[in-house]
Amino acid sequence: MKKLLILFVCFTCSFHALAQDTSKLKVKLDYIVDYALGSEGKKDTIQVAYSKNGRYVWSNFDVFQSVFSKSFSPFGPEKMFMGGKTNIIFDAKTLQLYFHFNNENNAMFMKVDFNDIIPQRYFNTEKQKEIEFISEKLDEEITVLGKSYAVYNIYPTSESNNDLSAVLDKKYPVDNTMLFGNFFTLLMKKMDGDTVSSVDIPKGLILYLRNNTDQILEAIAVKKINRRITINNTLEIKE
């Protein structure tokens with residue numbers, strides 16, 4: 001389960017190609033959350049916005065600025081990647097990831113297919129099985145943003161010793177089955193050769209995540225928004 005969580009939370013850590021696509025993608029986002037990362041007392045924060053239907057996730061996660069800066073440092077222009085603005089959008093339906101970076105006169109756009117960047121692991125065909133992703137309400141509550149919430153374990157039926165726990169605010173009914181379903185299905189197929197027959201996660205905005213006893217993130221602010229983003233990655237050549 002840890003490998004699944006790390007890949008999803010850090011889904012912005014690998015790219016393989018620049019894609020050309022003449023079609024427009026229109027994204028509507030309904031809720032935005034400021035998260036504190038890591039255990040209590042950590043100061044690192046990240047913004048994440050969600051569409052109510054669970055299809056789109058946006059973030060300003062700036063990990064690529066430091067990654068590209070280090071990659072270009074032997075050649076000199078590493079400063080072009082520092083201090084700019086990053087927009088990352090994940091399409092949970094198509095498993096496409098869009099990345100846009102802008103810093104004054106410098107801009108970069110990338111589109112990535114998760115089918116290509118998640119490695120295919122060799123597995124024993126005799127161990128293939130059909131599994132489900134389920135959620136279990138625990139006899140535990142956690143206080144987030146001054147309010148007490150129930151805690152859910154989310155895990156595949158192939159792993160009974162699950163250690164991923166989440167707090168969901170049902171006042172913001174994000175469709176988590178859409179948000180995670182296709183990604184979990186692809187991941188289990190690629191990594192273990194398993195078939196995911198169903199994904200059952202309650203609707204609700206993610207306010208808190210922990211892995212075993214380690215806190216991953218906690219919401220420190222939540223707001224309804226009406227943000228629209230249009231992606232139109234086009235390169236046209238005429239002769």
Side-chain angles (χ1 to χ4, degrees), residues 8-13 15 19 21-37 43-65 83-104 106-114 135 142-150 152 154 166-184 199-209 216-234:
F8 190 79
V9 173
C10 301
F11 63 86
T12 56
C13 291
F15 284 95
D21 190 346
T22 58
S23 62
K24 282 186 178 181
L25 178 66
K26 294 187 177 182
V27 175
K28 181 180 181 298
L29 300 168
D30 301 289
Y31 314 115
I32 190 166
V33 187
D34 291 340
Y35 291 110
L37 301 178
K43 294 183 179 180
D44 293 335
T45 61
I46 184 175
Q47 277 195 327
V48 181
Y50 302 85
S51 62
K52 183 178 179 179
N53 63 9
R55 177 169 177 176
Y56 300 110
V57 181
W58 167 94
S59 180
N60 62 354
F61 192 36
D62 61 0
V63 63
F64 288 114
Q65 292 172 236
K85 293 182 178 180
T86 301
N87 288 278
I88 299 170
I89 296 173
F90 176 60
D91 185 338
K93 182 177 181 179
T94 64
L95 298 180
Q96 302 289 313
L97 187 70
Y98 302 86
F99 166 80
H100 180 262
F101 172 78
N102 184 37
N103 185 6
E104 295 182 351
N106 305 306
M108 179 181 295
F109 180 81
M110 301 180 77
K111 176 183 175 184
V112 177
D113 189 336
F114 264 97
S135 58
I142 291 179
T143 300
V144 182
L145 296 173
K147 183 178 178 181
S148 184
Y149 293 91
Y152 290 85
I154 301 171
V167 165
L168 307 172
D169 190 342
K170 297 182 180 181
K171 182 173 67 175
Y172 307 101
V174 173
D175 187 342
N176 290 309
T177 298
M178 166 61 76
L179 179 59
F180 294 103
N182 289 344
F183 180 81
F184 285 175
V199 177
D200 182 17
I201 305 175
K203 289 185 178 181
L205 188 65
I206 298 171
L207 298 184
Y208 176 93
L209 282 177
I216 300 168
L217 55 80
E218 180 179 354
I220 55 178
V222 177
K223 184 172 66 173
K224 289 185 178 181
I225 58 174
N226 187 17
R227 179 180 299 178
R228 288 174 170 78
I229 300 174
T230 300
I231 300 173
N232 187 8
N233 177 28
T234 303

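Remember, predicted model here, so these are calculated numbers, not experimental data. For reference, positions follow the sequence shown, starting with 1.
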Please check if the distance between the ring centroids of Tyr56 and Phe90 is under 6.0 Å.
-> no
Please report the closest heavy-atom contact between Val199 and Gly181, naming both atoms and the distance.
-> CG2-CA, 3.8 Å
On a heavy-atom basis, the closest approach of Ala36 and Ile220 is CB-CG2, 4.0 Å
If you measure from CZ on Phe109 to CZ on Phe101, what distance do you get to the nearest 0.5 Å?
-> 15.0 Å
Does the side chain of Ile142 reach to within under 4.5 Å of the side chain of Val144, using non-hydrogen atoms?
-> yes
Flag the pair Thr230 / Leu25 as yes when at least one side-chain heavy-atom distance between them is below 4.5 Å, and no otherwise.
-> no
What is the distance from atom NE2 of His100 to atom CD1 of Ile89, rounded to the nearest 0.5 Å?
-> 10.5 Å
Could you go through the side chain to side chain contact (heavy atoms under 4.5 Å, CB included) check for Lys203 and Val174 one step at a time?
-> CA-CA 5 Å; Lys203 289 185 178 181; Val174 173; over 6 Å; no
Looking only at non-hydrogen atoms, find the nearest pair between Leu168 and Pro202 and report the distance.
-> CD1-O, 3.6 Å
Just wondering, do Arg55 and Asn53 contact through their side chains at under 4.5 Å, heavy atoms?
-> yes
Are Glu218 and Leu207 side-chain neighbours, meaning at least one heavy-atom pair lies under 4.5 Å?
-> no
Not counting sequence neighbours, list each pair that qualifies as a side-chain hydrogen bond (donor to acceptor under 3.5 Å, both in side chains) and has a residue in residues 168-184.
-> Tyr149-Asp169, Tyr152-Lys170
Side-chain polar contacts of residues 26-35 - donor-acceptor pairs under 3.5 angstrom, sequence neighbours left out - could you list them?
{"residue": "Lys28", "atom": "NZ", "partner": "Asp30", "partner atom": "OD1", "Å": "2.4"}
{"residue": "Asp30", "atom": "OD2", "partner": "Lys52", "partner atom": "N", "Å": "2.6"}
{"residue": "Asp34", "atom": "OD1", "partner": "Gln47", "partner atom": "NE2", "Å": "3.0"}
{"residue": "Tyr35", "atom": "OH", "partner": "Tyr50", "partner atom": "OH", "Å": "2.8"}
{"residue": "Tyr35", "atom": "OH", "partner": "Ile206", "partner atom": "O", "Å": "2.6"}

Is a donor on one side and an acceptor on the other found under 3.5 Å between the side chain of Ser135 and the backbone of Asp200?
-> yes
Of all residues at least two apart in sequence or in a different chain, which pass the side-chain hydrogen bond (donor to acceptor under 3.5 Å, both in side chains) check with Asn87?
-> Trp58
Ring geometry between Phe183 and Phe114 (parallel below 30°, tilted from 30 to 60°, perpendicular above 60°) | perpendicular
Any side-chain heavy atom of Ile46 within less than 4.5 Å of one from Leu37?
-> yes
Value for CG (Asp44) from CG (Leu217), rounded to nearest 0.5 Å, stands at 12.0 Å
Gap between atom OH of Tyr208 and atom OG1 of Thr143 - 0.5 Å precision = 11.0 Å
Can you measure from NZ (Lys93) to OG (Ser51) and round to the nearest 0.5 angstrom?
-> 11.5 Å
